[in-house]
Amino acid sequence: MASRTSSRRGTPVISLTPKPKPNISVEEWEAKAPLGDIEVRSVNAVKSASERVPLPPKFSTENGSIDGGSRPPTPSARTRLPAAATTTSSSPRTGTPKPQNTQHPLHPKHPIQTPQQFYDWFALVDREIAHSQEAHFRAHVASVAKHLAACDSLVEKIDDVDKEVEGMLEGWRTVEEGGKSLKDACERLLEERERLLDLTDQIGARLEYFQELEHATRMLNNPGDSLVLQTDFLYMVERVDICIDYLKNHRHYREAEVYLLRFQQCMTRAMTLIRMYFVGSLRALSTDVTRRISEKDVSQTAQMHLLYTRFKTVAAQMAPLLGELERRAQSHPEELSALLSECHAAYFSTRKALLVGRVTEEIKGLDPGRTELVELTRAGCSYLKQLCTDEFDLYREFFNTGEEQLYQYLENLCDYLYDDLRPRILHEPRLTALCEVCTVLQALMVLDVSVTDEDEDGQDDTAADNLVLDFDQPRHRRGLHHLHISHLLQMVLQDAQTRLFFKAQAVIQSDIRYYAPKAEDLAYPDILVRSQGQPTQGQGEWLSEKASVSEIFKTPSLKKQDTWYPTMQKTVWVLSQLHDFVKPAIFEDIAQEAIGLCRQTLVSAAEMIKKRSPPTTLLDGQLFLVRHLLILKEIVHNLSLTNKESDPNDNLTGVTETFTSMLNKTSLLLPDRFLSTLGVARPEDIKETKYGIDHDLRRACEDVIALCADPVCDPLRRWVDRVYEFNAARKAQAQPDAPALAAQEWATQPAAEAIDAAFRAACERDLRSASARLRLYLEDDRTVRVLVDHVQARVLEEYGVFREVVWGMYAGAMREGVLSATSLREMLKVIFEDAVEPRQAAASGSASL
């Protein structure tokens with residue numbers, strides 16, 4: 001047996017890997033995977049541990065549980081047991097095998113000697129192995145059977161519980177059905193109860209409106225005038241009003257019409273009591289105040305106290321009652337508006353009886369027959385304004401409606417002054433006095449402008465939505481907010497404006513249209529020369545009569561008004577007087593008339609200046625016209641009377657700016673384009689110039705340019721025209737033996753050189769003088785420069801034609817003698833820049849001009 005065991009152990013193990021792995025030597029392994037100290041120690045520890053392999057516990061002789069275990073050992077252990085035993089017994093380390101204390105049941109009791117014994121022992125081992133392999137199946141089957149028995153027991157118990165639950169559910173359903181029926185019955189009873197209670201409340205609420213009649217009738221049947229002062233009176237009135245509104249909305253109720261009529265009678269009786277109490281109180285107060293005012297030595301303060309403080313004391317008591325009357329009159333105008341009108345009439349008659357005598361005395365104290373009109377207007381209207389304001393405030397203490405009746409009453413008070421003031425206004429001959437009257441009236445009317453929207457809209461309406469009101473709270477004023485004094489002064493202001501308009505028309509006709517100029521009015525340029533040494537007057541003497549002038553006539557561009565033609569001064573003065581005091585449409589009409597007549601007088605004055613004996617007055621007349629037309633155009637622009645379709649880029653803010661903006665865009669060659677940049681309309685756009693200013697300014701500018709350039713250029717133009725005529729005539733005669741152009745005495749080179757020299761001298765003399773005149777009339781260098789550029793352009797053009805002609809003659813001999821375009825431009829620039837200033841011209845006399 002030992003030999004067999006030894007031979008089995010020596011059997012080599014055959015590897016069945018399909019692909020052999022490459023062999024690696026120990027040296028290669030060490031080179032590729034070197035080990036550290038820790039790895040070496042670990043390997044040595046595993047090596048030393050693997051050298052001593054103990055037996056499995058089940059085969060250990062010290063484990064006594066092998067025989068006593070319920071589960072047999074595994075077959076593998078049993079098969080290895082003999083080998084292990086053999087190995088243990090034959091271990092070379094121990095010289096003597098250890099004695100066996102116990103022996104495994106499968107070990108043969110006797111050594112096996114024959115094959116039959118081995119076969120028997122092997123069969124025993126085989127049966128044991130088969131039995132051991134099926135043991136866990138048998139144990140599992142036994143466990144499953146046990147569980148099945150437990151499950152069958154649980155199923156039986158569940159069936160019993162299910163039967164019990166079914167019985168309980170059946171009982172619960174029976175109880176639920178019975179409870180639901182009871183609940184439905186209870187809910188129906190509760191709903192019926194709620195419906196009956198609601199019906200009772202609704203009937204009671206409706207009956208309250210009918211039951212209120214008895215309370216109101218009982219209160220109104222109580223005698224005495226002090227009933228309206230009781231606290232419950234206003235509450236009763238409010239409740240009656242609510243009942244009336246309710247019954248009007250529910251006329252289908254039984255006997256609603258009867259109760260509505262009786263409630264309306266109660267309301268009428270209550271409001272009648274308020275009216276009677278108010279009228280009686282006013283009558284008693286008026287009698288007392290009249291008696292005390294009629295006493296001697298009553299001071300002004302005492303009169304104000306009696307006329308206003310006493311009434312305000314009564315108003316504090318009457319205001320809630322009158323407020324209720326006003327509210328009810330608005331709600332029921334057919335029945336109660338007459339009562340409110342009676343209260344208004346009683347109040348106004350009482351106040352008028354107290355104030356008429358006092359107002360008459362105050363107006364007599366102003367002495368309308370002798371007091372100056374403006375002072376009378378200021379004092380009288382100020383007094384009436386204060387009186388009307390006091391009356392308005394006092395009226396508001398009592399009432400919140402009746403605005404139309406109030407203004408009629410105030411107008412009646414104002415008529416006592418207006419009866420004396422209107423005739424004075426309609427016969428006032430002075431325009432300044434009428435303007436001051438309008439100023440005074442407008443200053444008094446400015447209070448209307450100061451009323452803010454918050455004052456107008458800050459009050460809120462309080463609606464009576466229930467039967468309980470707090471009458472101790474201050475009343476909200478809804479109807480009367482502010483006294484519009486303009487309503488009272490409007491008629492007088494219209495009278496003053498009408499008189500002002502007709503007076504202005506008379507002034508325009510007499511002082512502008514039919515103005516006869518004096519010799520000193522046409523003394524130009526002497527007037528301008530004298531003004532050079534005087535300080536600039538900002539507004540001129542024509543504004544000294546009026547302290548306040550519209551801002552449109554105070555622009556810085558309108559300077560030196562003392563040098564203006566008298567009709568222009570008068571035009572601006574009249575328009576400045578009217579601008580702030582008449583309506584825009586009326587002002588535009590009269591402005592058109594005044595400016596149109598002023599323009600005509602300027603054109604006539606310019607013609608008169610031209611007709612004076614010195615020839616230089618032709619240029620003076622045109623410059624006079626250009627100067628005044630530019631100023632007049634600036635005035636028209638300031639009055640916003642120019643066509644709205646004009647060029648929006650023409651921002652004319654002054655005389656200099658106006659003229660510069662007109663001429664800066666001007667073409668230096670074409671007169672039409674030149675004048676289009678003046679802000680002057682072309683002939684096809686003449687409809688834009690409703691005043692004719694642009695048309696006259698266009699012609700005046702053309703004449704100025706011509707008068708400056710023609711004296712210099714006329715000799716050149718005539719000589720060139722003569723050359724053209726000679727050549728045309730010679731060509732027409734077709735005579736080859738005719739004398740040549742150069743053979744003519746007037747066309748010789750010395751003659752052409754003389755004309756050129758005369759041109760240069762004329763430029764030095766005439767253009768320098770013309771430039772000085774332009775500076776004198778138009779004053780600003782930029783303005784003069786624009787006109788000078790156009791004059792220079794015309795001179796360059798005329799001389800250019802002359803240059804072309806002489807270059808073609810004399811075989812080019814004068815090509816170096818005449819001026820080139822650049823040389824001529826530089827010469828003209830020097831002449832114009834060195835022109836004599838106006839002040840130097842004044843010092844050297846008019847001859848140097």
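As a basis for the values below, the full set of heavy atoms in this structure was taken, side chains included, without hydrogen atoms, waters or symmetry mates.
- Panel note: side chain R627, backbone Y777; a donor-acceptor pair is recorded below 3.5 Å.
- Of the charged side-chain nitrogens involved, none lies within less than 4.0 Å of a carboxylate oxygen, so that E826 and K829 do not count as a salt-bridged pair.
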(message) Using the rule given for side-chain contact (heavy atoms from CB on, under 4.5 Å), can you reason through R785 versus V788, listing the C-alpha separation, both sets of side-chain angles and the distance that settles it, and then say yes or no?
(response) CA-CA 5 Å; R785 172 54 60 187; V788 162; 3.7 Å; yes
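- Remark: L707 engages L618, L619, Q622 in a side chain to side chain contact (heavy atoms under 4.5 Å, CB included) (not counting sequence neighbours).
- In plain terms, the two heavy atoms of V712 and A762 that are nearest each other are CG2-O, 3.9 Å.
- Here SG of C708 is found 5.0 Å from CG of L774. Values are rounded to the nearest 0.5 Å.
- Taking a cutoff of 4.0 Å between a charged side-chain nitrogen and a carboxylate oxygen, E607 and K611 do not qualify as a salt bridge.
- I609 contributes atom CD1, which lies 9.0 Å from atom CG of L625 (distance to the nearest 0.5 angstrom).
- Residue M568 holds its CE atom at 7.5 Å from OG1 of T571, rounded to the nearest 0.5 Å.
- Side chain of S771 to main chain of L767: no donor-acceptor pair is present (N/O by atom type, distance under 3.5 Å, no hydrogens or angles).
- Counting only distance, with no hydrogens or angles, the side chain of E798 and the backbone of R717 share no donor-acceptor pair below 3.5 Å.
- The distance from the CD atom of Q505 to the CD1 atom of I508 is 7.0 Å, given to the nearest 0.5 Å.
- Across all non-hydrogen atoms, the minimal contact from I831 to R768 is O-NH1, 3.7 Å.
- The two residues I693 and V636 make their nearest non-hydrogen contact at CD1-CG2, 3.7 Å.
- A donor-acceptor pair under 3.5 Å is formed between the side chain of Y799 and the backbone N or O of L819.
- Atoms CD1 and CG, on I595 and L632 in that order, are 5.5 Å from each other to the nearest 0.5 Å.
- Minimum interatomic distance between I527 and T563 (heavy atoms only, all atoms of both residues): CG2-CA, 4.0 Å.
- For S576 (side chain) and W573 (main-chain N/O), a donor-acceptor pair under 3.5 Å exists by modelled atom type.
- Evaluation of the ring pair (Phe, Tyr, Trp, His ring centres under 6.0 Å) rule for F624 yields Y524, Y565, H628 as partners, not counting sequence neighbours.
- Between R698 and D694, none of the side-chain N atoms (NZ, or NE/NH1/NH2) sits under 4.0 Å from a carboxylate O, so this pair counts as no salt bridge.
- What you find for C701 and V626 is that their closest heavy atoms are N-CG2, 4.1 Å.
- With a 4.5 Å cut-off on side-chain heavy atoms, V818 and F759 do not count as touching.
- The shortest distance between side-chain heavy atoms of V574 and Q577 does not fall below 4.5 Å.
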(message) Between E593 and R513, does the side-chain contact (heavy atoms from CB on, under 4.5 Å) criterion hold? Intermediate values first, please.
(response) CA-CA 10 Å; E593 180 182 2; R513 182 175 185 178; 5.8 Å; no
(request) Let me see the working for W719 and V806 under side-chain contact (heavy atoms from CB on, under 4.5 Å), right down to the final yes or no. (result) CA-CA 11 Å; W719 189 83; V806 297; 3.8 Å; yes
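- A distance of 6.5 Å separates CE in M608 from CG in L522, rounded to the nearest 0.5 Å.
- For the pair R794 and C713, the tightest heavy-atom approach, listed with the atom from each and the gap, is O-SG, 4.4 Å.
- Salt bridge annotation for D703-R699: absent, with no cationic side-chain nitrogen under 4.0 angstrom from a carboxylate oxygen.
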